[in-house]
Amino acid sequence: MSLATLTKPWAAFSYGFLDASAKRELRRKMLKAIAVPGCQMPYASREVPMARGWGTGGLQVTLTLLKPTSRVKVIDQGADDSVNAASIRKFLHRVSGATETWDTLDATIIQSRHRVPEERLRDDQILVLQVPNPEPLRPVEPNMSTARQMHADADYGRLWLVLYEQIVRSGRVMQGAAYPSLVNGRHVMTPSPIPRWDVPKLNMARHLTFLSAGREKRLYAVPPFTRVEPLAFSDVPYKVEDHGNLTCSRSGVTGFFMNEIPQEDGSAVHELSDSHLGIKAIRRAEGEAAPIGATWYQNGEFRA
Amino acid sequence: MTLHATPVPDAAETRANATFEALMWALSRPGTVQPLPEPGHGAIAEALVDRECRAFTDDPALAPRLAAFGAALVSPVHADHAFVSLARPAGVASFAQLPAGSALYPDEGATVVAEARFGTGQRLRLTGPGIETTAEITVDGIDPGLWAARAARCRYPEGIDLFLTCGAAVIGLPRSTRIEVL
């Protein structure tokens, strides 16, 4: 071995921003994450030009996957045009030459903060969810080593207790986002703070999902056709948000997850959370060709 | 940051990216045949292995390449990546010694890459994550003792993740896949 064999020609920066050794480490961990669905795999979480907690985990996974022919969509709470989403998408394009897109049907990689698109994802699509807190046991066990032992023992009794206490105190399960879910019948994961509405979309899905927490330095995955079962008692079934009858005030679409927009008179109107679905619906209403894919929910009901 | 030109990946980056994509989809959909950018195990090693890894190989041609990537060449007991021939019982004996991780640290289970022939030989039925109902594959050039050895080491979530290659094609068999020998 000589210095020459270890040295590469000078380049202003690595393709896809991350250097080759960072990508190799992520690749190794991503493979292990697929092999043990829902199990959190530690990784180094390199520095990226963005503060930890703003999607650096998802960003590193996306940067590892990117190639010039990738078509990348980035959403923040369903919106493509929020500052965080737009900045990440622009950055991904700049460092890789990948095409930016807003359309779920058009994208090969979808990086998302806290939503799964309403249109069904296909076999060839990869969903990358940004995760603030990857540990479902943290509210019941702050000690990381003890929590790891609990995962090893599949000791999830305290999570059931939390749900039970919520039902006793409030009459219903109060967990809104990041609903703990059993993956492949073995590991409980937090599906990142997606609403309850989105959790069934991960169960036996056709697409591959990566969940990555940059600040916490852990990533995990849900491969296609993997069981994702939200923890629920047999006599208190899992319920998604009651949004099936709400109508979007801008696009007129009914039956999807909505954002509530408070009005000055104290009332509220609703807007589609998946903003590009709303844009496409408006375009269609105006007579433009804007194909909308099959959706997971039809008439406000989940269809497997 | 201002860039004046669209970044273009070099040959090594393109190869590593395409190789990983094949491995990723192979592991996500066990039993499907995914295309590698080039035949052989060199590109797989290049995409995954570096100075943070401990590798085992019984292929004298691959050993210097693994060393050049920075991996420590170790015995199977200590290896996190193994590039082995599983055609003979000796290869299966090495396989059986590889670390399978633990329930505490499932990520310490080894990744194994081995040569096989697809489409002839032993029929296997696969079930588990990534497979809608069941999948069937036929592989040849693998010692029949491997499947029992694998089952003994894959006590989920512990286990060893296996990639079989046939020329420039790869099949992934993660530890989560249950294999029924038909």
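Every value quoted in this text rests on a predicted model; they were computed, and no experiment measured them. Within every chain, numbering begins at 1; the chains are lettered A, B, ... in the order of the sequence lines, protein sequences first and strands thereafter.
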[X] versus chain B, the contacting section by heavy-atom distance below 4.5 Å:
| X | answer |
| --- | --- |
| Ser96(A) | backbone |
| Leu66(A) | backbone |
| Asp124(A) | backbone |
| Pro37(A) | both |
| Phe210(A) | side chain |

Quiz prompt | Considering all heavy atoms, the nearest Gln40(A)-Pro136(A) contact | solution =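 Scanning both residues completely, I find the closest heavy atoms to be NE2-CD, 3.6 Å.
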
Self-check item: Minimum-distance pair of heavy atoms, taken over all atoms of Arg89(A) and Val74(A)
Solution: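 Scanning both residues, the minimum pair turns out to be NH1-O, 3.3 Å.
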
If we define contacts as heavy-atom pairs under 4.5 Å, which of [options] has the most with chain A?
| options | value |
| --- | --- |
| Arg175(B), Glu52(B), Arg29(B) | Arg29(B) |
| Ser176(B), Pro174(B), Gly130(B) | Gly130(B) |
| Val49(B), Thr111(B), Leu48(B) | Leu48(B) |
| Asp80(B), Val8(B), Leu173(B), Thr177(B) | Val8(B) |

Self-check item: Residues, nucleotides or ligands: over 12 heavy atoms within 6.0 Å of Glu47(A) CD
Solution: no

Region of [X] that comes under 4.5 Å of a non-hydrogen atom in chain A:
| X | value |
| --- | --- |
| Ile131(B) | backbone |
| Glu21(B) | side chain |
| Asp10(B) | side chain |
| Ala16(B) | both |

Exercise. Sort out for me which of Glu25(A), Lys29(A), Lys23(A) touches chain B most, counting heavy-atom pairs under 4.5 Å.
Key: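 Counting heavy-atom pairs under 4.5 Å, the top option is Lys23(A).
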
Quiz item: What residue, out of Ile126(A), Thr226(A), Leu26(A), Ile34(A), has the most heavy-atom pairs lying under 4.5 Å from chain B?
Solution: Ile34(A)

Exercise. Output yes when a side-chain donor or acceptor of Asn184(A) lies under 3.5 Å from a complementary backbone atom of Arg186(A), and no otherwise.
Key: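 Looks like no, no N/O pair under 3.5 Å.
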
Quiz prompt | Electrostatic pair Glu135(A)-Arg218(A), nearest N-O below 4.0 angstrom | solution = yes

Under a plain distance cut-off of 3.5 Å, with no hydrogens placed, do [Y] and [X] share a side-chain donor-acceptor pair?
| X | Y | value |
| --- | --- | --- |
| His187(A) | Tyr220(A) | no |
| Thr108(A) | Lys73(A) | no |
| Gln60(A) | Ser45(A) | yes |
| Thr295(A) | Glu119(A) | no |

Quiz item: Would His93(A) and Thr99(A) satisfy side-chain hydrogen bond (donor to acceptor under 3.5 Å, both in side chains), going step by step from the backbone distance to the final call?
Solution: CA-CA 6 Å; His93(A) 164 71; Thr99(A) 309; over 6 Å; no

